Amino acid sequence: MTDHKPRYKAYHHPAGGWGAAGATAKVLLEQSVVTKGSRALLAMNQPGGFKCPSCAFPDPDCKKTLEFCENGAKALAFEATKRRVTREFFASHTVSELMEKSDYWLEMQGRLTEPMRYDAVSDRYVPCEWDEAFAMIGDHLRALESPHHAEFYTSGRTPNEAAFLYSIFVRAFGTNNFPDCSNMCHEPTSRGLPPSIGVGKGTVVMEDFEHAEAIFVIGQNTGTNSPRMMTNLVEARKRGVPIVAVNPMPERALIRFTEPQDVIQMATFGSTPIASEFVHIRIGGDLALFKGMMKVMFEREAQGETVLDHDFIREHTVGFDLVRQDVLAQSWRDIVEISGVEEAQIRRCAEIYMRSRATMICYGMGLTQHQEGSRLLQQVVNLLLIKGNFGKPGAGIAPIRGHSNVQGDRTVGIDEKPTDDYLDRVRDVFGFEPPRGHGHHTVETVEAMQNGTAKVFIGMGGNFVRAVPDTERSYAAMRKLALTVGINTKLNRGHLVHGRNALILPVVARSEAIYTLAGEQFVTIEDSMSTVTASRGVLAPASPDLLPEVEIVCRMARATLPDSKIPWESYIEDYSLIRDKIADVYPEIYSDFSERIKRPQGFHLDVPPRRLVWPTPNGKANFLLMPGLEVNAPVSDPAMLRLATVRSHDQFNTTIYSYNDRYRGVYNDRMVLFMNADDRAARGLASGARIALETISDDGVRRRVEGLTVLDYPMPRGAVAGYYPELNPLLPLEYYDKISGTPAAKSIPVRVVA
Ligand SMILES: Nc1nc2c(c(=O)[nH]1)N[C@H]1C(S)=C(S)[C@@H](COP(=O)(O)OP(=O)(O)OC[C@H]3O[C@@H](n4cnc5c(=O)[nH]c(N)nc54)[C@H](O)[C@@H]3O)O[C@H]1N2
Ligand SMILES: Nc1nc2c(c(=O)[nH]1)N[C@H]1C(S)=C(S)[C@@H](COP(=O)(O)OP(=O)(O)OC[C@H]3O[C@@H](n4cnc5c(=O)[nH]c(N)nc54)[C@H](O)[C@@H]3O)O[C@H]1N2
Ligand SMILES: [Mo]
């Protein structure tokens with residue numbers, strides 16, 4: 001019997017260790033995949049096996065066996081579950097009834113098994129043939145007044161082959177409307193870094209962890225969201241490499257960690273301290289911290305010391321002087337106040353950075369999801385450039401991506417703002433003229449639904465309506481559509497908040513084998529460090545009526561474009577033909593794709609800044625100026641708190657595995673608000689008080705979430721945190737980084753209402 005009463009109890013153990021081992025065993029048991037699962041786990045991340053469906057962090061050393069992490073095991077267990085959502089399930093629940101259920105309950109129903117169509121008369125999903133489903137999609141798309149009235153979403157689990165064909169199909173149909181999960185995630189990386197260094201990707205590879213002399217982990221909850229990276233951090237720490245963690249939440253794994261794979265540590269209940277410096281930053285305080293660190297260095301230089309890499313700055317960069325002037329003009333008082341960090345600690349961080357001859361800066365959503373996320377990342381680059389931290393082992397910028405193939409999807413064409421060069425190559429390779437105008441990103445897609453120009457929404461994976469901001473308004477927008485299509489492994493809210501017509505199309509999952517007339521097929525994935533590897537599922541598909549994503553794309557294309565000259569039918573059978581076309585469209589990085597993918601370790605896609613080549617318009621790395629110290633527009637309301645919406649340890653984005661968040665000491669509850677005890681007392685609240693939160697905005701819309709329990713937590717003053725997606729109703733659609741379109745989900749201005 002599980003006890004469902006909420007419990008809050010601080011977690012004093014190291015992260016990882018027996019807690020993680022126990023949690024892994026429990027989840028495998030609950031999803032009853034122990035026998036099937038152990039075989040699958042053995043094949044996960046091994047050459048010849050499949051890529052972990054969880055995060056985008058590269059695979060550990062292929063020589064180690066059974067190397068998986070607690071959260072990788074959870075992702076696999078929930079994918080390989082024995083539970084099934086059948087036609088009988090849909091017959092016995094109306095959609096309105098299902099709407100009353102929690103996201104957790106929907107997820108726990110198991111894998112989708114056959115295509116379903118919404119029937120308005122009975123308010124139920126009813127079985128439908130695949131042919132009928134594709135015909136319905138084709139009919140709707142062809143009937144549109146303009147191809148721009150359709151929106152084609154992609155979530156980052158879709159492999160390269162399916163994503164590439166999807167981008168070709170949609171462009172052949174006539175639009176660049178490619179909202180993507182990346183638009184809510186690392187888009188500031190994709191848009192912010194190119195003006196600085198010429199590429200929108202990270203510049204480090206796995207080996208760099210072995211050569212780094214200092215590692216910064218900023219705005220990223222490593223132990224939960226990319227646990228495999230803990231191995232690298234533990235190894236670095238054991239070598240005496242200083243690690244600086246910058247976070248408003250003292251995330252457990254960044255403080256102490258026990259490696260579940262380390263037999264001695266496990267047997268002795270030992271652990272490794274991780275952060276040598278934990279910087280308890282205010283939400284949005286990172287810009288002030290970076291400028292403070294630079295100020296220390298510029299001051300040292302003014303005193304005659306050499307701490308910068310002047311040769312590098314002279315040879316490779318433009319714009320240094322303006323940045324130095326700007327930084328020196330900032331006062332320590334402002335830097336300390338806005339960052340929330342003592343001057344002495346900023347000086348210690350600068351000292352660590354100055355002494356290191358090779359520094360890596362890793363970051364996650366804590367830097368990207370702010371109103372000026374893209375420009376903030378350019379300041380991270382400035383910090384790296386002043387010490388020449390590019391083009392040498394152990395140095396560089398390391399965006400830690402989210403979904404396992406989100407970076408790959410972008411590389412192979414899922415891009416609402418494609419370049420002309422790329423479009424020319426598509427035209428030359430496929431023989432049609434692709435549309436040139438920019439399409440919609442995620443926020444613009446919701447806006448198009450609201451104002452009625454969008455009529456059809458197709459979701460290649462993901463859970464769009466639950467991931468986007470402004471839940472109530474987004475639900476209403478989605479319901480105005482003529483057709484919504486969810487191409488998924490699992491039932492989710494997106495199927496229930498639907499258009500007048502709706503389809504659920506179930507797919508073969510990452511861990512499952514794909515056989516076609518041409519034999520066994522594999523797909524490919526690009527990880528966070530630009531390495532492309534093959535992924536081959538080993539399990540039998542959850543149901544005989546599932547289709548692979550590639551086949552779904554090809555059949556949608558044929559149904560929509562009956563006269564298309566593109567040989568869609570042959571791609572269904574032989575995925576190497578798709579890889580040949582990828583090589584044709586991207587000769588610089590994907591030449592010889594079919595040969596190179598045979599290497600068990602895969603191959604690395606060239607990232608020019610690693611070679612000190614800068615594909616920027618001026619051929620240099622650019623110092624870019626971001627005036628001031630604020631990353632979000634200041635709010636004058638004295639009652640304002642900044643809210644960061646974060647993931648718990650037991651969820652994958654909108655998929656809720658359980659109501660626990662072990663490392664933060666929360667059990668059986670997700671409706672909590674982490675708050676500093678002084679902020680709580682200042683509002684006259686008792687610990688454990690039930691409150692509502694309201695967004696502070698001037699657009700006249702009331703956004704409110706009720707029923708939150710206040711928990712005393714070591715947050716900086718003025719900063720609160722709670723869980724995504726429950727708090728998405730508080731995030732205004734208009735509140736996003738204008739360069740990238742990424743909603744500022746880490747800095748929502750809110751006030752407490754009793
Ligand atoms: N198990 C599991 N793995 C996942 C996911 C998952 O949901 N579950 N999601 C995947 C996806 S799509 C992504 S994008 C990644 C997300 O991985 P993360 O980037 O770790 O995502 P978040 O949980 O949103 O947390 C970000 C961190 O930023 C901190 N933070 C908030 N505001 C600030 C700030 O102003 N400054 C700084 N310095 N820090 C701040 C928060 O306290 C939190 O520790 O993980 C991927 N991997
Ligand atoms: N407030 C707030 N909002 C956020 C964030 C935040 O931190 N705060 N984070 C944002 C981020 S970083 C992201 S990436 C987005 C995530 O947004 P999405 O990527 O849209 O959401 P997921 O929850 O990852 O999608 C889960 C669904 O994917 C489907 N799925 C799983 N595996 C596969 C597969 O192999 N193929 C197919 N076709 N479908 C599959 C399942 O049906 C499952 O229900 O949310 C964003 N929204
Ligand atoms: Mo993400």
Side-chain angles (χ1 to χ4, degrees), residues 84-91 93-96 98-99 106 109 111-144 147 149-155 157-158 162 165-166 169-170 173 177 179 445 449 454-466 475 477-509 541-561 568 572:
R84 294 290 178 270
V85 174
T86 58
R87 58 172 71 187
E88 291 76 25
F89 169 88
F90 284 114
H93 299 279
T94 64
V95 169
S96 314
L98 292 174
M99 212 33 213
L106 296 175
Q109 302 316 301
R111 285 286 297 279
L112 297 164
T113 49
E114 62 178 318
M116 305 294 292
R117 168 180 67 76
Y118 179 67
D119 172 54
V121 177
S122 62
D123 186 32
R124 284 180 171 83
Y125 274 98
V126 296
C128 94
E129 296 297 320
W130 279 105
D131 279 338
E132 185 191 339
F134 293 124
M136 190 163 154
I137 294 171
D139 289 348
H140 270 88
L141 289 177
R142 273 181 285 108
L144 292 176
H149 293 173
E151 308 286 345
F152 298 86
Y153 180 65
T154 316
S155 166
R157 269 199 203 176
T158 296
L165 288 184
Y166 187 54
F169 153 50
V170 172
F173 171 63
N177 284 348
T445 293
M449 293 176 180
K455 314 260 189 240
V456 175
F457 172 87
I458 298 189
M460 176 51 88
N463 187 4
F464 183 83
V465 83
R466 202 67 183 126
Y475 281 13
M478 196 84 171
R479 291 190 168 116
K480 288 165 78 172
L481 298 176
L483 174 67
T484 50
V485 181
I487 303 170
N488 292 94
T489 51
K490 289 285 193 80
L491 181 64
N492 67 40
R493 189 75 52 197
H495 307 130
L496 310 179
V497 181
H498 57 81
R500 280 193 300 288
N501 296 286
L503 290 167
I504 300 177
L505 305 184
V507 298
V508 176
S543 143
D545 298 319
L546 307 182
L547 289 183
E549 284 158 298
V550 164
E551 178 163 352
I552 292 181
V553 172
C554 292
R555 290 174 67 179
M556 286 197 296
R558 183 54 79 205
T560 310
L561 309 166
W568 300 106
I572 294 178

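Remember, it's a predicted structure, so these values are computed and weren't measured experimentally. The chain is numbered in sequence order, starting from 1.
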Exercise. Nearest heavy-atom pair of Arg87 and Met116: which atoms, and what distance?
Worked result: CA-CE, 4.2 Å
With sequence neighbours excluded, residues passing side-chain contact (heavy atoms from CB on, under 4.5 Å) with [X]:
X	answer
Ile572	Glu551, Cys554, Arg555
Ala150	Leu141, Leu144, Phe152, Phe173, Val456
Glu129	Glu132
Ser543	Thr113, Asp545, Leu546

Taking side-chain contact (heavy atoms from CB on, under 4.5 Å) as the criterion, tell me which of [options] meets it with [X].
X	options	answer
Val553	Val170, Ile487, Leu165, Ile458	Leu165
Arg117	Leu505, Leu503, Asn501	Leu503
Tyr125	Leu98, Val85, Thr94, Ile504	Ile504

For this session: Tell me, please, which residues at least two apart from Asp123 pass salt bridge (Lys or Arg N to Asp or Glu O under 4.0 Å).
Result: none
Is the closest side-chain heavy-atom distance between [X] and [Y] below 4.5 Å?
X	Y	result
Tyr166	Thr158	no
Val508	Glu549	no
Pro127	Pro115	no
Phe457	Glu151	yes
His495	Asn488	yes

Rounded to the nearest 0.5 Å, what separates atom [atom1] in [X] from atom [atom2] in [Y]?
X	Y	atom1	atom2	answer
His149	His140	NE2	NE2	14.5 Å
Asn492	Gln109	CG	CD	13.0 Å
Leu491	Arg111	CG	CZ	12.5 Å
Leu496	Arg466	CG	CZ	10.5 Å
His498	Tyr118	NE2	OH	4.0 Å
Tyr475	Arg493	OH	CZ	5.0 Å

For this session: Kindly assign one of parallel, tilted or perpendicular to the pair Phe464 and Tyr153, based on the angle between their ring planes and the thresholds 30° and 60°.
Result: perpendicular
For this session: Report the relative orientation of the aromatic rings in Phe134 and Trp130; use parallel for angles under 30°, tilted for 30 to 60°, perpendicular for over 60°.
Result: parallel
Exercise. Distance-only, no hydrogens or angles: does the Arg500 side chain make a donor-acceptor pair with backbone N or O of Ala120 under 3.5 Å?
Worked result: no
Exercise. Do the side chain of Arg142 and the main chain of Ala559 share a donor and acceptor less than 3.5 angstrom apart?
Worked result: yes
Do any side-chain atoms of residues 477-485 form donor-acceptor pairs under 3.5 angstrom with protein atoms, and if so which ones, sequence neighbours left out?
from	atom 1	to	atom 2	distance (Å)
Lys480	NZ	Gln450	O	2.4
Thr484	OG1	Gly499	N	3.0

